[in-house]
Amino acid sequence: MLDFARQIREDFARFMMEYQFAVDEVLTKVTILREEFRHLHRYNPIEHVTSRVKSPESILEKVARRNLSPRLESIRANITDIAGIRITCAFKADTYRILDALTSQHDVRVVEIKDYIAEPKPNGYKSLHAIIEVPIFLSTGPVPVIVDVQIRTIAMDFWASLEHKIFYKYDGEVPEHLAAELSAAADAAAHLDQRMEQLHAEVHGPAGTRDSEPPAVPEIGDDLLQRLWTLNAPGAPRP
């Protein structure tokens with residue numbers, strides 16, 4: 001019994017470690033995209049990013065609720081939201097731009113994409129959901145791990161946060177009048193998104209165009225520019 005318990009703990013610890021590494025991997029990808037947009041495109045479509053890995057207790061509660069096998073292979077195959085990343089953007093157009101940039105990377109395998117912005121849930125929920133698989137590289141070799149990525153606007157995120165609190169306060173049985181109010185608030189959030197995007201377009205052009213401020217990149221001095229020009233001149237020696 002002691003050996004069994006020890007092995008279970010070791011296996012589960014490694015299992016959880018893999019999902020944390022997968023979160024770190026995707027966060028690195030998002031950080032690189034964020035910095036690229038900020039420095040090269042002079043536009044930052046990402047407002048903020050959060051992440052989490054479900055606790056062992058939360059995972060096992062979901063296993064029991066769905067009547068799944070407690071074997072790690074079954075958990076890995078059937079539960080896709082153990083590792084989660086949430087990306088919040090200023091504008092709706094940015095959510096699609098970030099989704100395309102992330103899922104087009106060669107080491108990212110898209111498992112499923114659900115567009116709840118184009119087709120909101122009945123309660124008014126809007127967000128882009130992407131289930132992706134990324135490799136993490138351990139001493140024993142690469143391990144593919146599933147990560148749940150949600151991308152939404154600030155207004156969508158505010159609405160979803162409020163809906164989540166109300167849902168759990170009433171244990172899933174939200175009173176009809178509150179459900180109606182939430183639906184109306186979702187419409188108001190959508191209108192706000194549309195209006196703010198219009199205002200941004202009036203001032204800066206469509207979302208995704210360059211901001212007026214120059215990027216914070218290191219300056220190249222005149223002496224170095226002169227040397228580079230000389231080296232690039234026709235007839236300059238080449239290795």
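No experiment lies behind these values; they were computed from the predicted model shown.
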Can you list every pair that meets salt bridge (Lys or Arg N to Asp or Glu O under 4.0 Å) and has a residue in residues 12-29, with sequence neighbours left out? Arg14-Glu18, Glu18-Arg76, Lys29-Asp107

Greater than 12 external heavy atoms within 6.0 Å of Glu176's CD: no

Mind checking what makes salt bridge (charged side-chain N to carboxylate O under 4.0 Å, His left out) contact with Lys121, not counting sequence neighbours? none

Please enumerate all residues that pass side-chain contact (heavy atoms from CB on, under 4.5 Å) together with Asp193, with sequence neighbours excluded. Thr153, Ala155, Met156

Are side-chain heavy atoms of Ile82 and Ile75 found at a separation under 4.5 Å? yes

Taking only residues two or more places apart in sequence or in another chain, which ones pass side-chain hydrogen bond (donor to acceptor under 3.5 Å, both in side chains) with Arg52? none

Filter on salt bridge (Lys or Arg N to Asp or Glu O under 4.0 Å), then keep only pairs touching residues 130-148, sequence neighbours left out; what's left? Arg109-Glu133

Connected-component partners of Ile32 among ILVMFWY, side-chain separation under 4.5 Å: none

Ser183: side-chain contact (heavy atoms from CB on, under 4.5 Å) partners, not counting sequence neighbours: none

Minimum heavy-atom separation for Ala83 and Val23, please, with both atom names. CB-CG2, 3.6 Å

Just grab all the salt bridge (Lys or Arg N to Asp or Glu O under 4.0 Å) pairs involving residues 158-167, residues at least two apart or on different chains. none

Measuring from Ile151:CD1 to Ile98:CD1, what's the distance to the nearest 0.5 Å? 7.0 Å

I'd like to check the side-chain hydrogen bond (donor to acceptor under 3.5 Å, both in side chains) partners of Tyr19; sequence neighbours left out, ordered by chain and number. none

Apply salt bridge (charged side-chain N to carboxylate O under 4.0 Å, His left out) to Glu35 and list each qualifying residue two or more places apart in sequence or on a separate chain. Arg38

Under the side-chain hydrogen bond (donor to acceptor under 3.5 Å, both in side chains) rule, collect the residues that match up with His191, sequence neighbours excluded. none

Parallel under 30°, tilted from 30 to 60°, perpendicular over 60°: which one fits the rings of Phe15 and Phe12? tilted

Under the side-chain hydrogen bond (donor to acceptor under 3.5 Å, both in side chains) rule, collect the residues that match up with Glu36, sequence neighbours excluded. His41

